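By convention in this document, chain letters (A, B, ...) are assigned in the order of the sequence lines, proteins followed by strands, and residues within each chain are numbered from 1. Source: prediction; values computed, not measured.
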Amino acid sequence: MALSGLDIFKLLPKTNCGDCGVPTCMAFAMKLAQKKAELSECPHASEEAKATLGAASEPPIRLVKIGKDHPLEVGSETVMFRHEKTFFHQTGIAIQLRTSEGESTLEQKIREIEEYKVERVGEQLEPDLFLITHDSPEKDIFLKTIELVIENSTKGIILDCAEYETLKAGASLLKDSHASILLKKTVTDEWIDLAKNYNCSLILTSESYEDLATQVEKTKQAGVQNILLNITSKNTGLQIQQNTILRRSALKKAFKPFGYPLFNQINTESEFDMFATAAALLCKYESIVALHEYNRALLYALLTLRQNIYTDPQKPIQVDPKVYPIGEPTPESPVFVTTNFSLTYFIVSGEIENSGISAHLVVCDTEGQSVLTAWAAGKFVGETIAKFIKTINLEQQVTTRKIIIPGFVSQISGDLEESLPGWEVIVGSQEASDIPSLVKSLSLT
Amino acid sequence: MNFEIPKEVNTGKIIEVSIGATPEQGGTRSHTVTIGGSTALPFHFFEGEHPHRPLIAMEVFDKISNKYPSSLLDYYGDVIQKPGEMAQKCVDEYGAELISVRLEGTHPEKGNKSADEAAEIVKQVLESVSVPLIITGHSHYDKNNEVMKKVCEVTAGENCLISYVEKDNYKTIAAACIAYSHTLVTQTPIDVNLAKQLNILLTEMSFPPEKIVMDPLTGALGYGIEYTYSIMERIRNDALAGDKMMAFPMLVNPGYESFRVKETRAPEQDYPDWGNVELRGAYWEIATAMSLLVAGADLLIMYHPQAVATVKKKVEEMFDGRGGD
C-alpha cells in the first residue's frame with residue numbers, strides 16, 4: 001500500500017538537517033510520497049525506514065521478462081486507463097506451435113514467424129514469443145521443437161507440457177533463457193523447483209480468484225518471484241471483467257497476490273473470432289495473448305492496434321519540423337504545409353507522392369498535434385506558420401510563391417497571406433486522400 | 001485464500017435511447033431498438049447493469065464512392081447501387097440490426113443530388129426493410145440542412161436517428177427532429193469538452209435528452225484510433241460519475257473510417273507484409289470495432305459482412321445471454 005507523506009515523515013529523523021537537499025523532513029516526506037525523491041537521498045535514514053519504504057515502493061504489478069537476447073518485458077503497469085498516464089509494456093503476442101504438427105511444418109512456421117517484421121510509423125512491429133504446446137505422443141519432438149526455435153529465432157519461449165519429465169528435459173535446454181512455463185493444473189513443489197532450477201517464470205492457471213491467490217502465495221514463498229496469472233473464463237466478456245478485477249485489486253487495493261502480469265491463451269474455432277478476442281483483451285489488461293492461428297493480415301492489424309493503444313497519450317509521435325522534399329522538387333515546385341504529428345506527416349507525404357508530382361512539404365512544429373487540434377490550440381495559424389517559414393529560410397530555397405494549406409484550416413488563409421507578403425495561399429483538400437484530385441484540378445506540376 | 005471483488009459503484013447512468021417507431025407509435029417499423037441504460041463500464045456486469053446490448057448497423061449509399069475498395073464492392077456486386085435491395089440484403093443475410101442511409105451524394109462536390117432525390121432513396125429503404133433507420137449526412141452545412149429537413153419531413157413519426165449535427169450547425173436539424181419526432185446524433189471532433197458543450201447547447205433549446213446519441217468521431221485503426229478510444233473512456237467515466245451532459249449512448253463508424261484508409265485497399269503485391277487485402281479489410285474493421293466497444297460504443301455502423309458477423313457474435317457472447325432487444 002502506498003504510504004502518505006505523514007506516514008513517511010514519522011519514519012524520518014525529523015532533524016531538518018537539509019542534507020537531502022530539501023529544507024525540512026516534512027517537505028522531503030511529501031516529495032517521497034509523490035515519488036519525486038528517493039529515500040537514498042537522505043544519508044541519515046534508519047534501517048526501519050529503508051525496510052518499510054522499500055516494501056511500499058515495490059511496483060504494484062511486477063515486471064516479468066521472457067526471453068534471452070531481446071526479452072519481452074511485461075507488467076509494471078500503474079493505471080487502469082491509458083489517459084490517466086500511459087500503458088507502459090505492450091501486450092506480448094505469442095504464436096502457438098503444437099508438436100503434433102510435425103517437424104517440417106513446425107520448422108517452416110518458426111522461420112515464417114521469425115521473419116515476419118513490419119514497419120509502421122517508424123517502428124518495427126513483430127510478434128514476440130512462441131508458445132510450444134506438447135500434444136504429440138513422442139517426447140523427442142518436444143525437445144526438437146525447442147531446439148528448432150533456439151536455432152532459428154531469438155524470440156522468448158513459453159513451454160506448455162503436462163508431463164513433468166518431458167518438461168524438465170525441455171526446460172534444461174533453456175536454462176538461463178528466461179523461458180516461461182505454462183502450468184495448467186494446480187502448482188506443486190516439484191514444478192516450483194523445476195522453475196527455480198532452470199530460471200523460468202511460472203504462469204499459474206485457475207478459474208477462481210481464491211485458488212489463484214493461494215497458488216501465487218505458495219509459489220512466491222517457495223522462492224519463485226516471476227509469476228504470470230492465467231485466469232480462465234468461458235467467454236471474452238467474463239475475461240475482460242476478470243482482468244479488470246485482477247488489475248484493480250493490484251493497483252487500487254494493493255492486493256499483492258494479483259500484482260503480476262496477465263496471460264491468456266485464446267481457444268476459439270475461427271480465426272476471426274480469435275482475432276476479435278485478442279483485440280479486446282489487448283485493450284483490457286492482457287500482458288500476453290497466445291494465438292493458435294496467424295496470417296500476415298491478422299498480425300499486421302493486431303500489431304497496429306497494439307502500437308496505437310500503447311502509444312503514450314502525453315507524447316504523440318512526432319516527426320522533425322523542417323522542409324521535406326517529396327519526389328525531386330525544384331525551386332519552382334509547389335509548397336504544401338502541414339503539422340508534425342507523425343500520422344499527419346505520413347499520410348500527407350504519401351498522398352502527395354500518390355499524386356505523382358514533386359513538392360516541398362513544410363512540416364511545422366505543432367508539438368505533435370494534428371491539424372485541427374493544433375489550429376484550435378493556436379499552434380497552426382497564419383502567424384506561426386509564417387514565422388516558421390521565415391526561420392527555415394524557405395524563401396531563399398524556393399522561387400515558387402504558392403503555398404497549399406490543409407482544407408480544414410481554410411479560415412487561416414487570410415492571416416497567412418498577410419503574414420507572408422508575396423505568397424499566394426491555396427486552400428487544399430480537407431482529406432489527404434483528396435490531394436491527388438486537388439493537384440489535378442489546380443494543374444500543379 | 002480470501003478475496004473480495006473490488007466493486008466501484010457509480011452514481012451516473014447512461015440515458016436509454018430508443019430508435020424507430022412502430023405503427024402504434026406513429027411509424028412503420030416492425031420493432032424499435034434501445035441502446036444505453038448502462039450503470040457501469042462496458043461489459044462490467046459484476047458491478048452494474050447493462051440492460052441493452054450494443055447494436056450493429058450496416059450502411060447503404062446514395063452514391064458509390066470510388067474510394068470503396070474492391071474487396072468490399074465485390075462482396076455486394078450490383079446490389080450496392082440499389083440502396084433498397086442492399087438494405088434488405090444487409091438485414092436478411094448479414095444480420096444488420098439497423099440500416100444507415102448515407103447521403104453523401106447530396107454534397108455539392110460529390111454529386112449534388114437534390115433533397116427530393118435523397119428523400120426518395122430514404123423512402124425506398126424504409127419500404128424495403130422493417131428495422132429502424134439511421135440517416136447519415138455530411139458536413140456541407142447549407143446543403144445538409146436542406147436535405148435533412150426534407151428527409152425528416154418525409155419520414156415524420158419514424159423516429160429515425162438523424163446523424164449528425166455539429167457545434168456550428170445544429171439548430172435547423174435539431175428543430176426538424178423535434179418537429180417530426182426523430183432522434184439526433186451530436187458529433188464533435190475527438191474532444192471531451194466540445195462534446196459536452198454541444199449536448200448543453202441542444203438541451204438548452206429544450207431538445208429532449210432521451211433523443212440524443214453522441215458521436216465522438218471515430219478514427220480508424222492506425223489513424224488515431226487511440227484518441228477516440230481514450231476520449232470515449234473519459235466520456236463514459238464522466239457520465240458514470242454523474243455528469244448528465246455526457247450520459248448519452250455513443251455511436252461510432254468503424255466501417256466508413258476503416259474503408260477509407262490505404263490499409264484496406266493496397267494490394268498485397270505492393271505490401272507483402274500486410275497480407276491478403278480481403279482479410280485485411282475485415283480485420284481492420286474488427287479491430288476498430290472491438291477496441292471502441294470496450295471503450296463504450298453502443299451503436300456501430302459497419303461495412304464488411306465478415307466483420308459484422310464476427311463482432312455481432314462476439315457482442316452476444318460477451319453479454320452471455322443477458323439483455324439485448
Side-chain angles (χ1 to χ4, degrees), chain A residues 81-83 116-121 209-214 216-217 234-238 240-241 244-245 248-249 252-253 255 257-258 270-273 275-277 279-280 282-284 295-302 304-305 307-309 311 313 343 347 350 370 372-373 376 430-431 433, chain B residues 1-6 8 41-47 67 139 189-191 221-227 229-231 233-234 237 260-263 268 272-284 286-291 293-295 306-307 309-311 313-314 317-320:
Chain A
F81 300 100
R82 61 186 291 283
H83 63 256
Y116 186 79
K117 291 175 174 67
V118 60
E119 204 206 288
R120 194 173 172 91
V121 203
Y209 299 112
E210 289 79 7
D211 175 55
L212 189 62
T214 307
V216 170
E217 283 301 304
K234 67 177 170 31
N235 75 49
T236 310
L238 289 169
I240 286 176
Q241 295 177 63
T244 304
I245 289 166
R248 196 186 276 171
S249 303
K252 307 273 186 197
K253 303 287 171 194
F255 187 71
F258 292 160
S270 96
E271 272 177 35
F272 285 109
D273 198 45
F275 177 79
T277 303
L282 189 153
C283 297
K284 286 297 165 195
N295 60 60
R296 280 172 297 159
L298 183 153
L299 288 176
Y300 185 43
L302 197 61
T304 302
L305 180 63
Q307 183 186 42
N308 288 171
I309 296 297
T311 295
L343 279 173
I347 298 164
S370 62
L372 273 176
T373 319
Q430 291 196 346
E431 301 290 339
S433 53
Chain B
M1 187 164 186
N2 275 338
F3 173 70
E4 194 182 333
I5 291 178
E8 288 177 1
L41 288 170
F43 309 105
H44 285 203
F45 291 102
F46 70 97
E47 56 187 357
K67 281 185 213 153
S139 61
I190 321 189
D191 188 289
L221 174 62
Y223 291 85
I225 196 171
E226 67 272 28
Y227 291 90
Y229 179 88
S230 284
I231 291 299
E233 288 205 321
R234 288 175 59 193
N237 274 309
R260 290 199 307 167
V261 304
K262 187 178 174 185
E263 283 76 359
E268 187 174 4
D273 295 337
W274 294 10
N276 177 292
V277 65
E278 186 145 343
L279 288 174
R280 200 195 309 143
Y283 287 130
W284 219 257
I286 293 169
T288 306
M290 289 308 299
S291 57
L293 266 171
V294 299
Q306 181 65 59
T310 304
V311 173
K313 183 170 159 247
K314 188 53 68 183
E317 176 202 307
M318 288 162 93
F319 261 60
D320 198 20

Original post:
Checking Tyr229(B) against chain A: side chain, backbone, both or neither under 4.5 Å from a heavy atom?
Top reply: side chain
Original post:
For the atom pair CG (Asp211(A)) and CE (Met1(B)), what is the distance rounded to the nearest 0.5 Å?
Top reply: 12.0 Å
Original post:
Asn235(A) side chain to Glu317(B) main-chain N or O, any donor-acceptor pair under 3.5 Å?
Top reply: yes
Original post:
Do Lys252(A) and Glu8(B) sit within salt-bridge range, that is, some charged N less than 4.0 Å from a carboxylate O?
Top reply: no
**OP:** Could you tell me whether a side-chain N or O of Arg234(B) sits under 3.5 Å from a main-chain N or O of His83(A), the two making a donor and an acceptor?
**Re:** no
**OP:** For residues Gly222(B) and Asn308(A), report the shortest heavy-atom separation together with the two atoms involved.
**Re:** N-OD1, 2.8 Å
Subject >> Side-chain heavy-atom pair Leu279(B), Phe272(A) within 4.5 angstrom cut-off >> reply: yes
Subject >> Residues Arg260(B) and Glu431(A) bridged, charged N to O under 4.0 Å >> reply: yes
**OP:** Check whether Tyr116(A) gets within reach of chain B through its side chain, its backbone, both or neither, counting any heavy atom under 4.5 Å.
**Re:** side chain
Subject >> Under 4.5 Å from any heavy atom of chain B - which part of Ile347(A) >> reply: side chain
Original post:
Is it the case that Arg82(A) places NZ or CZ above or below the six-membered ring of Tyr227(B), under 6.0 angstrom from the centre and within 45 degrees of the axis?
Top reply: no
Original post:
How many angstroms lie between CZ in Arg296(A) and OH in Tyr283(B), if you round to the nearest 0.5 Å?
Top reply: 12.5 Å
Subject >> Top contributor to chain A interface from Val261(B), Val311(B), Asp273(B) [non-hydrogen pairs under 4.5 Å] >> reply: Asp273(B)
Original post:
If only atom types and distance count, is the side chain of Arg280(B) paired as donor or acceptor with the main-chain N or O of Tyr300(A) below 3.5 Å?
Top reply: no
Original post:
Where on Asp191(B) is there a heavy atom nearer than 4.5 Å to chain A: the side chain, the backbone, both, or neither?
Top reply: neither
Subject >> Whether Gln241(A) side chain and Phe46(B) backbone form a donor-acceptor pair below 3.5 Å >> reply: yes
Original post:
Is a salt bridge present between Lys314(B) and Asp273(A), judged by a nitrogen-to-oxygen distance below 4.0 Å?
Top reply: yes
**OP:** Measure Ser270(A) against the heavy atoms of chain B and call it side chain, backbone, both or neither at under 4.5 Å.
**Re:** neither
Original post:
Where on Leu293(B) is there a heavy atom nearer than 4.5 Å to chain A: the side chain, the backbone, both, or neither?
Top reply: neither
Original post:
Rounded to the nearest 0.5 Å, how far apart are CE of Met290(B) and CZ of Phe275(A)?
Top reply: 9.5 Å
**OP:** Just jot down the side chain to side chain contact (heavy atoms under 4.5 Å, CB included) partners of Phe258(A), sequence neighbours excluded, or say none.
**Re:** Tyr209(A), Leu212(A), Ala213(A), Leu229(A), Leu246(A), Ser249(A), Phe255(A), Phe3(B)
